[in-house]
Amino acid sequence: MINAKTVKKIPFGGDYNPEQWDEETRKNDMKMLPQADIDILTLNVFSWAKLQPSEEEYDFSDLDRIMDMAEDAKMNVCLATATATHPAWMARKYPDVLRVDLDGRKRRFGARQNSCPNSPTYRKYSVLLAKKIAERYGNRKSVLAYHISNEYGGLCYCENCEKAFRLWLKNKYKTIQKLNEAWNSSFWGHTYYDWEDIQVPMNTSERWPVNRTSCQIQTIDYYRFQSDSLLECYRLEADVLKSVSPQIPVTTNLMGTYPELDYHKWAPYMDFISWDNYPSPDDPYTRVALNHEVMRGCKREIPFALMEQTPSVTNWQPYNSLKRPCVMRLQSYQAIAHGADTVMFFQMHRSRGCCEKFHGAVIDHYARTDTRVFKETAQLGSELKKLGAKFLGSVQKPQVAVLFDWNCMWGITFSAGPSVDFDYTSEVFKYYDAFAKQNIPVDVISPEQSLDSYSIVAAPALYMLNEKTAASIEEFVRKGGTFITTCMSGMADENDLVTTEGYPGRLRKVCGLWVEETDALLPGHTNTLKTVSDSGIDGEYPAAILCDIIHPETAQTVAVYASDFYAQTPAVCKNKFGEGEVWYIGAAVPKDNTKFLQKLASFTTAKHGIKSIVEPQEGIEATKRIAKDGTAFVFILNHSDSKKTVEFDFSGTELLGGLNVSKKMELNAKDVAIIEVRK
Ligand code: GLA
Ligand code: ZN
């Protein structure tokens, strides 16, 4: 899809559900959408019921008409396989497709993403449907990509899943003894004698609400297994699509830092990453950016697709504020700035009934082209048309990486203690934000990826890690890299067994210290990090949530705690290791005062000669995409509510206004500049 050879511009469009509309409405939509320069439709996402009205019967006549209609309107198509909701007849006839929930209740027909991933019926018929779709539409030039299912997610706890889980475990641990060791199952006398003894971890067995479990590794393994099970469903469809029409790339729409699937394991099976961006109205722009980075980090060399965003409003958040004028445009360019090569929406025409009747769309219930939303969409459409293929395919090359890992997220989320306020993704965000606010490009990648191209790697709360990751970090530092890590890192191995060699376990040598205890601060309580050596980050900063009590070995103390019984003991340490150094931050910082991290980011980037893309200032975001021929495109976004003067050290052409700029420019509130940098 996102391939400059097939498209000459950024594809612009999104989900269209013509199954919900009569012929006349469809015709009218096809007249209206091109007026906003919409040129791609995601079709067929929820059409299984229509395509297969009974077990024996397939009926593609309506989809044929829809495809013709889209092509007549000169639209490209992102063709979904329609397997995100099974048809009612299937649930009636083959109840194995229905999921069982965490409380052990068998679901009935309804909702969506409702199929058990280990149901033989679901697997058989989803693959068959994908095959028929590929056979029927795979040779149409309009089909730029296959969109498999929709927003995979949720877990199932049924008997089929239980059987499959036992097999998955057998494959992983080989013998029940090994499983007992890895799961430390003699705790509370949970020793397993036979694979059949193993239960799925639900509220009637190992789990207790909310997010607690008596055996964390059992739940972590279950999450890994369910993620793998859904991935198998995806791969079965992908394989059959590829076998029929190998030229069409496959994807599925992911969801940023969504906590239920390990997207790093999915990425290799996706030709390109696509994802759905639904920020809350009060999300800081860097939080939205983090999601883009996590998605981009899944496949660093390939631009991703912004598969969905709302043009105006969501309906499922507690408070669904309208996107203010210019915000949809700003967020669309933000996606591009972070590496998207499409701008797509959910959805083209607002539904009349059911739970999305209040969800925004390009065409409203009262279908007019003079609405605010349609006009804003059309403005963006015409800009994207003008920009053409300028930066399609270009990528980012940051020198800073932040590690993000679903295993660490699960390990911390399910663990009982030390503090419910210590949230993995929030900790990662604080570190990402510290660099991003200074307009330093950052990759957010899996710990399994190579660290070779980076100068600085931050790994907040790298709770569990295997030997390979520990070795890769050591190697990175030895060669001169700066590694930053925090409390709750290195505590456990990949099976959630806590180290007996002193925390942070596999990171202890590289950090040059050991941690004796970790204190959890009560809500609203803080301690203070007080620098003691001339470290470049001198000052006093608040600490919150967790405080490690640290014994430096080879590390040097940078800051001590100012209060409590561990006052004057090390809180922040720095260790020289090989050519590089490691910063160990023993405490978390409060989310509303991250000054310490900003200082740390400035100091470490300055040391490595890493420069801000544009001069940092409140509300100004900047990123850089680099084309194959080396041309750099700088994106500057003004997220603030006031006009700003932005300063930088290059000159070039601003592509939206067509003007030359040099060293500085003015940017209105919520406005965007895209500068092709002069070489
Ligand atoms: C998700 C789904 C869409 C739609 C939107 C609404 O992203 O993929 O089908 O429900 O949410 O925000
Ligand atoms: Zn199941």
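Atoms within each ligand, like the ligands themselves, are counted from 1 in listed order. By convention here, the first residue in the shown sequence is residue 1. Values below: every heavy atom of this structure, side chains too, minus hydrogens, waters and symmetry copies.
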* Begin from the C-alpha positions of Y222 and F165 and carry the test ring pair (Phe, Tyr, Trp, His ring centres under 6.0 Å) through to its verdict. => CA-CA 7 Å; Y222 201 68; F165 184 43; 4.8 Å; yes

* Structure fact -> At a cut-off of 2.8 Å, protein N/O/S around the Zn ion (ligand 2) gives C116 SG, C156 SG, C158 SG, C161 SG

* Asked: Testing W266, Y269, W275 for ring pair (Phe, Tyr, Trp, His ring centres under 6.0 Å) with Y152, which one passes?
  -> W266

* Asked: Is the distance between the ring centroids of F345 and F12 less than 6.0 Å?
  -> yes

* Asked: Hey, would you say the Y432 and F404 ring centroids sit under 6.0 Å apart?
  -> no

* Asked: Does K132 make a cation-pi contact with Y58 (under 6.0 Å, within 45 degrees of the axis)?
  -> yes

* Reference residue I363; test side-chain contact (heavy atoms from CB on, under 4.5 Å); the match among T369, D29, T371 -> D29

* Any salt bridge (Lys or Arg N to Asp or Glu O under 4.0 Å) involving residues 259-271? Give me the pairs, sequence neighbours left out, ordered by first then second residue. => D228-K265, K242-D271

Enumerate, atom names and distances included, each donor-acceptor pair closer than 3.5 Å involving a side-chain atom of residues 307-315, sequence neighbours excluded.
residue : atom : partner : partner atom : Å
E308    : OE1  : Y278    : OH           : 2.7
E308    : OE2  : N253    : ND2          : 3.2
Q309    : NE2  : S332    : OG           : 2.8
T310    : OG1  : S312    : N            : 3.1
T310    : OG1  : V313    : N            : 3.0
T310    : OG1  : V313    : O            : 2.7
T314    : OG1  : Q317    : NE2          : 3.3
T314    : OG1  : N320    : OD1          : 2.6
N315    : ND2  : C355    : O            : 2.4

* To do: Tell me, yes or no, whether the heavy-atom count around K106 atom NZ, taken from other residues, nucleotides or ligands under 6.0 Å, exceeds 12.
  => yes

* To do: Sort out the contact shell of ligand 1: every protein residue with a heavy-atom distance below 4.0 Å, listed by chain and number.
  => F46, R112, N150, E151, N253, D276, Y278, E308, W316, F346, E356, H359

